[in-house]
Enquirer: 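First, the structure itself, so that you have it in front of you.
Labels below follow one simple rule: chain letters A, B, ... track the order of the sequence lines, proteins then strands, and each chain is numbered from 1.
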Amino acid sequence: MEQMRAGSALRQNSSKIIDMLRKLETALAQYDQVLFFSDEGNAGRPRSIADVFCRSRVVQAAKKKLLVVLAGQLLNESSRCDCWNLDSAEAAALRRLYLLYEFSDNFQMISLENKNFATLFHFVDAGILDLEDVFSALIH
Amino acid sequence: MDHQHYQELLCNLEKLEHNHGLRGRSVFLFGHCNASEELVRLLEEKGYTVAAILDNNPAKQGTACLGVPIEPPERVIAMNTEPSAVCIAARAYASMARQLNRLGYQGRIYKLVDYNSYSEYSLSDETLRERSSLLSRGIQLLEHEKEQFPGCFRFYCPFAALGDVYYAMAYLPYFLEKRQIRRYAVWTASKACADVVRLFGTQNTDVLTQQDMDASVQAALYTGDPNAYILHHDRPYAVNLAKALHVKRLTLEELYRYGVFGLQDSCTPYRPTVRNEYRELHTIEAGRAVVLSPYAKSAAHLPASCWEQVIDCCRKKGYQLFTNAVGAEKTLPGTVRLEAQLSEMHSAVERAGTFIGIRSGLCDVIQDASCRKVALYPDCRYSSTPWTQAEVYHLDNWENLVLPSSGA
């Protein structure tokens with residue numbers, strides 16, 4: 001069942017998903033880094049972590065060409081990062097793709113929490129890094 | 001760089017030489033890291049001169065490593081007055097190759113190490129089908145693992161390094177308490193790592209091949225298995241806690257305490273509870289022996305001359321000398337072979353009184369033994385981070401000695 005879901009979720013007869021994959025291929029070629037902010041663990045937070053990322057000092061000063069991908073919209077338009085808004089179905093498909101295999105070394109999925117593995121935000125919780133440090137590490 | 005990847009590097013370099021891939025070409029490396037430092041040595045041994053190590057880090061540009069200048073990648077274009085080749089032994093091979101192509105580089109680009117068995121930089125239908133097929137294997141493995149230890153939460157230690165597994169186990173009890181886990185099992189990628197798990201009193205453990213481990217990990221992630229957790233800072237790629245090392249110096253232990261488990265400073269590590277007396281303990285002269293440990297999973301270069309000097313010095317002082325070795329590992333000349341189980345090493349080194357070893361996971365296992373303990377480090381970086389191996393693998397209450405490249 002899971003195998004069927006793996007293949008069909010990504011290349012099913014949904015023209016929307018196929019278009020999303022094509023757009024993803026183009027984005028990977030055009031941007032230095034593509035950062036997908038998965039909303040996992042973000043529920044209840046007063047401000048989207050993607051917004052915080054785009055407005056951070058580190059990102060403002062970065063020379064890399066960055067694309068932020070997220071389900072929904074940024075609260076505030078970013079002058080520094082380009083943004084690609086997905087609907088919930090596209091975001092779910094992209095997440096499944098990311099967890100299927102590493103299809104690019106300049107694509108990262110950022111989630112605040114995950115039940116299967118640790119995230120860089122553990123260091124923030126432990127007081128070892130702050131958010132600027134985490135963002136700096138992400139775009140290194 | 002671990003032994004497996006080092007062997008892959010050697011093999012690919014041999015193939016390159018055999019196919020005359022470097023003949024008549026200026027040789028560049030891309031990415032200054034432990035692997036590229038090894039590659040400089042290997043190439044020089046084969047009679048090649050490395051023109052430069054290309055690196056995007058401005059802090060490194062203008063410096064040198066092993067006499068080789070570190071330059072910005074654009075220099076390969078400026079210096080490209082003859083046929084050239086860029087060799088890459090870094091994880092970011094794909095982006096490095098892309099960068100060279102964007103710069104207009106026309107020479108050859110060689111990938112010498114494939115770090116990532118779960119990566120395939122393509123979104124083609126064929127790749128998706130192939131990856132889905134691999135996922136299917138992973139899902140079958142997960143079902144087998146669930147049946148093997150029914151009702152147990154499952155932990156995967158995907159990297160076969162004793163030190164990594166040691167710290168995973170040392171801080172695991174806090175995670176168990178936090179998640180209210182009563183029964184669990186641990187899978188590792190080597191028998192020795194499974195032995196480390198057992199040192200902490202955990203019997204529910206088994207070994208997977210690296211391929212099966214990667215498949216199991218990928219399947220656990222993909223299915224969002226609620227009863228699985230990956231115990232590593234750098235596997236799978238989705239975690240990449242090691243990125244934190246680009247902004248802050250952290251030891252391996254701290255990567256686990258803060259990163260993998262999200263714990264506070266107040267959490268102290270648990271210690272192994274299973275320790276056995278070395279069965280040949282009577283052969284070790286109490287307090288007048290030295291256990292030498294020259295082998296490690298990493299391909300750190302400590303030349304034979306280094307150990308010859310240590311042996312000569314200890315012999316003159318009247319010490320009895322042992323080499324800790326297993327399997328095909330050779331006993332150092334002038335020493336007696338010591339083949340102890342991991343659970344016996346603590347008693348063996350305490351009896352001897354002195355342990356001198358290349359920094360390896362074994363050092364973590366015996367870290368609180370009551371004896372003089374010396375850890376030897378090669379003078380090189382930890383991966384592509386700004387820190388040295390000595391900084392990341394530092395051990396408290398040990399003599400941590402960094403040896404120059406010549407081994408003097």
Side-chain angles (χ1 to χ4, degrees), chain A residues 1-11 18 20-22 24-25 28-29 32-33 38 40 58 63-64 95-111 113-130 132-140, chain B residues 91-95 98 116 118-123 125 127-136 138-139 142 179 217-233 235-248 250 254 257-265:
Chain A
M1 177 64 82
E2 281 296 342
Q3 181 188 4
M4 286 170 59
R5 270 191 230 152
S8 63
L10 297 162
R11 285 286 186 196
I18 291 172
M20 191 266 294
L21 287 174
R22 285 202 191 113
L24 179 62
E25 284 175 305
L28 292 171
D32 293 313
Q33 277 188 285
S38 164
E40 193 174 34
V58 161
K63 293 183 170 52
K64 290 186 174 181
R95 188 165 189 284
R96 303 281 277 195
L97 176 65
Y98 183 73
L99 295 176
L100 181 63
Y101 70 108
E102 185 179 41
F103 54 83
S104 171
D105 62 343
N106 67 347
F107 182 98
Q108 294 178 78
M109 184 176 79
I110 294 109
S111 52
E113 291 162 19
N114 189 290
K115 53 181 173 299
N116 297 126
F117 54 80
T119 74
L120 276 168
F121 296 98
H122 273 187
F123 289 114
V124 178
D125 295 339
I128 299 300
L129 299 179
D130 59 27
E132 288 282 342
D133 292 329
V134 169
F135 298 151
S136 178
L138 284 172
I139 65 172
H140 178 82
Chain B
R91 294 185 75 166
Y93 165 78
S95 62
R98 202 163 44 237
N116 213 342
Y118 31 75
S119 72
E120 185 67 47
Y121 297 143
S122 165
L123 283 168
D125 283 350
T127 301
L128 286 170
R129 271 196 298 274
E130 182 197 304
R131 287 288 147 173
S132 299
S133 172
L134 289 174
L135 175 66
S136 166
I139 290 169
L142 287 187
R179 291 263 191 119
V217 163
Q218 212 69 22
L221 294 189
Y222 186 87
T223 59
D225 191 325
N227 295 306
Y229 197 80
I230 315 304
L231 294 175
H232 202 263
H233 59 286
R235 296 285 192 284
Y237 64 89
V239 180
N240 235 340
L241 292 181
K243 280 180 180 284
L245 287 167
H246 291 295
V247 296
K248 192 173 181 73
L250 294 161
E254 288 168 337
R257 182 166 71 228
Y258 302 126
V260 173
F261 293 111
L263 302 173
Q264 306 293 323
D265 270 333

Enquirer: For the backbone of B:D225 and the side chain of A:N116, can you confirm whether one donor and one acceptor N or O come within less than 3.5 Å of each other?
Expert: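 Checked: pair present.
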Enquirer: Which atoms of B:R257 come close to chain A, meaning under 4.5 Å heavy atom to heavy atom: side chain ones, backbone ones, both, or neither?
Expert: neither
Enquirer: Could you state the interatomic distance from OG1 (B:T127) to OH (A:Y101), rounded to the nearest 0.5 Å?
Expert: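 B:T127 atom OG1 to A:Y101 atom OH measures 5.5 Å (nearest 0.5 Å).
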Enquirer: Counting only heavy atoms closer than 4.5 Å, note whether A:L129 contacts chain B via side chain, backbone, both or neither.
Expert: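 For A:L129, side-chain heavy atoms alone lie under 4.5 Å from chain B.
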Enquirer: On a heavy-atom basis, which atom in A:E25 and which in B:L123 lie closest, and how many Å separate them?
Expert: CG-CD1, 3.4 Å
Enquirer: Applying side chain to side chain contact (heavy atoms under 4.5 Å, CB included), run through B:L128 and A:L97 and close with a yes or a no.
Expert: CA-CA 9 Å; B:L128 286 170; A:L97 176 65; 3.6 Å; yes
Enquirer: Taking A:L138, A:N106, A:V124 one by one, which has the highest count of heavy-atom pairs under 4.5 Å against chain B?
Expert: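 Most pairs with chain B among the choices: A:N106.
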Enquirer: What part of B:A244 gets closer than 4.5 Å to chain A, counting heavy atoms only: side chain, backbone, both or neither?
Expert: both
Enquirer: With sequence neighbours excluded, tell me which residues meet ring pair (Phe, Tyr, Trp, His ring centres under 6.0 Å) with B:Y93.
Expert: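 By the ring pair (Phe, Tyr, Trp, His ring centres under 6.0 Å) rule, B:Y93 matches no residue at all.
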Enquirer: So which part of B:L250 gets closer than 4.5 Å to some heavy atom of chain A, the side chain, the backbone, both or neither?
Expert: side chain
Enquirer: Flag the pair B:V247 / A:V134 as yes when at least one side-chain heavy-atom distance between them is below 4.5 Å, and no otherwise.
Expert: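 When only atoms from C-beta onward are counted, A:V134 and B:V247 do not touch, as no gap falls below 4.5 Å.
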Enquirer: So, for B:Y258 and A:A126, which heavy atoms are closest and what is the spacing to 0.1 Å?
Expert: CD2-CB, 3.8 Å
Enquirer: Looking only at heavy atoms, which two atoms of B:Y229 and A:N114 are closest? And how far apart?
Expert: CE1-O, 4.4 Å
Enquirer: Begin with the C-alpha distance, continue with both residues' side-chain angles, and end with the deciding distance and a verdict on side chain to side chain contact (heavy atoms under 4.5 Å, CB included) for B:L241 and A:F123.
Expert: CA-CA 9 Å; B:L241 292 181; A:F123 289 114; 4.1 Å; yes
Enquirer: So, for B:F261 and A:H122, which heavy atoms are closest and what is the spacing to 0.1 Å?
Expert: C-ND1, 4.0 Å
Enquirer: Quick one: NE2 on B:H233 to CG on A:L120, what's the gap to the nearest 0.5 Å?
Expert: 12.0 Å
Enquirer: Once you round to the nearest 0.5 Å, how far does CZ of B:R179 lie from NZ of A:K115?
Expert: 9.0 Å
Enquirer: With chain B as the partner, which of A:D133, A:L28, A:I128 has the greatest number of non-hydrogen pairs under 4.5 Å?
Expert: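 Ranked by heavy-atom pairs under 4.5 Å with chain B, first place is A:I128.
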Enquirer: How far does CD1 of A:I139 sit from NE2 of B:H246, to the nearest 0.5 angstrom?
Expert: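 Those atoms lie 12.5 Å apart.
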